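Notes follow the structure.
Everything quoted here is computed from the prediction, not taken from an experiment. Quick note: residue numbers are just sequence positions, from 1.
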Amino acid sequence: VTLHTNGMACLTRLKAEAKDLGLPGCSAESVPALLEKSFSLYQESLDMADKNASPTEAIGAAILKGSIGFRSGREVVGDGAARLGWQIKQSSENDDFSSRQAWCSINFEDAAKKISCIRVRSLNTFPEELQGEGAGDWKILRPKDCVLQMSSAAVGGDFVDVCSFAFDASTNASGQWRDISGFRVNKSKDWKLVIRSYHVADLEPRSTNFRYYVGLDVQLLEPEIAVDNLQRLHILHNGSTVLSSLAQATTGTSTNDTKAKQLKAMEAERESLEHAYLAHARS
């Protein structure tokens, strides 16, 4: 369906170009009308791809690894879902670890995953094994600034940032799930969640008597039907070209500002995809 819609959009664009050149036997529709129709078809292709890319479970087993204090090292989890926890202790009164990073890598054992959404929530309760004797020595430390990373072949397998997000105090307190999406990446077997800072209100001032527990529920989701980045790049390139021509043809009209905003958004996504695709091709 997408290929057919793209073909119709391209054909309509050719009709507009022929009409603009004054070739015989052209469509009775005006050039702006034909360009509008062509752009609508390209936009329909993008909307269709987005609809088919609804997030679903990242099927398959994965191994967890983590920074110092991580409680679930080498644990095998399924479908990209895991409960993550870290135990952190202040080493001295002068030890400021409010920005000490904690991380967990999720390494899929079989096929690489094209993650399109991360679902997370902060935990406000201790795991069962920390609720017994000595529980009074523990405090909940709530994460604040976090980032999702992926291992990229374009930089020799190093981890690169995919998206950043932050937990505010109210979201942490309620323990609500959050969906973080809107990023487009290539496939990778290795993903990492990094906690870069915490809510400092949770820290005990000038005390080394408390140990801290940081807990997160996380699930990595991939598209139900994976979108071909090269095909999307093709649609964005042609769609932005048509939209640029349409904006020029409708200069001074009330819709021109809207077209300019749409064009800016399409070109930004096209440049991002093009950069990622070329970097992957060079690796």
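- Under the 6.0 Å distance and 45° angle rule, K113 counts as a cation-pi partner of F108.
- From Y212, atom OH reaches atom CD1 of I88 across 10.0 Å, with rounding to the nearest 0.5 Å.
- Residue K19 places its NZ atom among more than 12 non-hydrogen atoms of other residues, nucleotides or ligands, all under 6.0 Å distant.
- The NZ atom of K114 lies 12.5 Å from the OG atom of S188; values are rounded to the nearest 0.5 Å.
- M266 and S240 get closest at one heavy-atom pair: CE-N, 3.9 Å.
- Note that CZ of F39 is 13.5 Å distant from OG1 of T12, once rounded to the nearest 0.5 Å.
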_Stepwise side-chain contact (heavy atoms from CB on, under 4.5 Å) check, T56 with L221_ = CA-CA 5 Å; T56 188; L221 305 171; 6.0 Å; no
side-chain hydrogen bond (donor to acceptor under 3.5 Å, both in side chains), that's the test. Do R71 and Q87 meet it? Break it down for me. CA-CA 7 Å; R71 293 171 48 84; Q87 295 174 211; 2.3 Å; yes
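- Rounded to the nearest 0.5 Å, atoms OG (S72) and CH2 (W86) are 9.0 Å apart.
- What you find for L84 and L123 is that their closest heavy atoms are O-CD1, 4.5 Å.
- Both tests pass for K192 against the ring of F159: distance under 6.0 Å to the centre and angle within 45° of the axis.
- Counting only N and O atoms by type, the side chains of R121 and Q176 include no donor and acceptor under 3.5 Å apart.
- Taken to the nearest 0.5 Å, the CD1 atom of I118 stands 5.0 Å off from the CG atom of L193.
- Counting only distance, with no hydrogens or angles, the side chain of K189 and the backbone of D110 share a donor-acceptor pair below 3.5 Å.
- Considering all non-hydrogen atoms of both residues, V242 and Y42 come closest at CG2-CE1, 3.9 Å.
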(Q) Applying side-chain contact (heavy atoms from CB on, under 4.5 Å) to Q101 and I195, what does each step give before you reach the verdict? (A) CA-CA 5 Å; Q101 294 188 1; I195 301 173; over 6 Å; no
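- Separating the OG atom in S151 from the NZ atom in K187 is a distance of 15.5 Å, to the nearest 0.5 Å.
- When the shell of 6.0 Å around CD1 of I68 is examined, it contains 12 or fewer heavy atoms from other residues, nucleotides or ligands.
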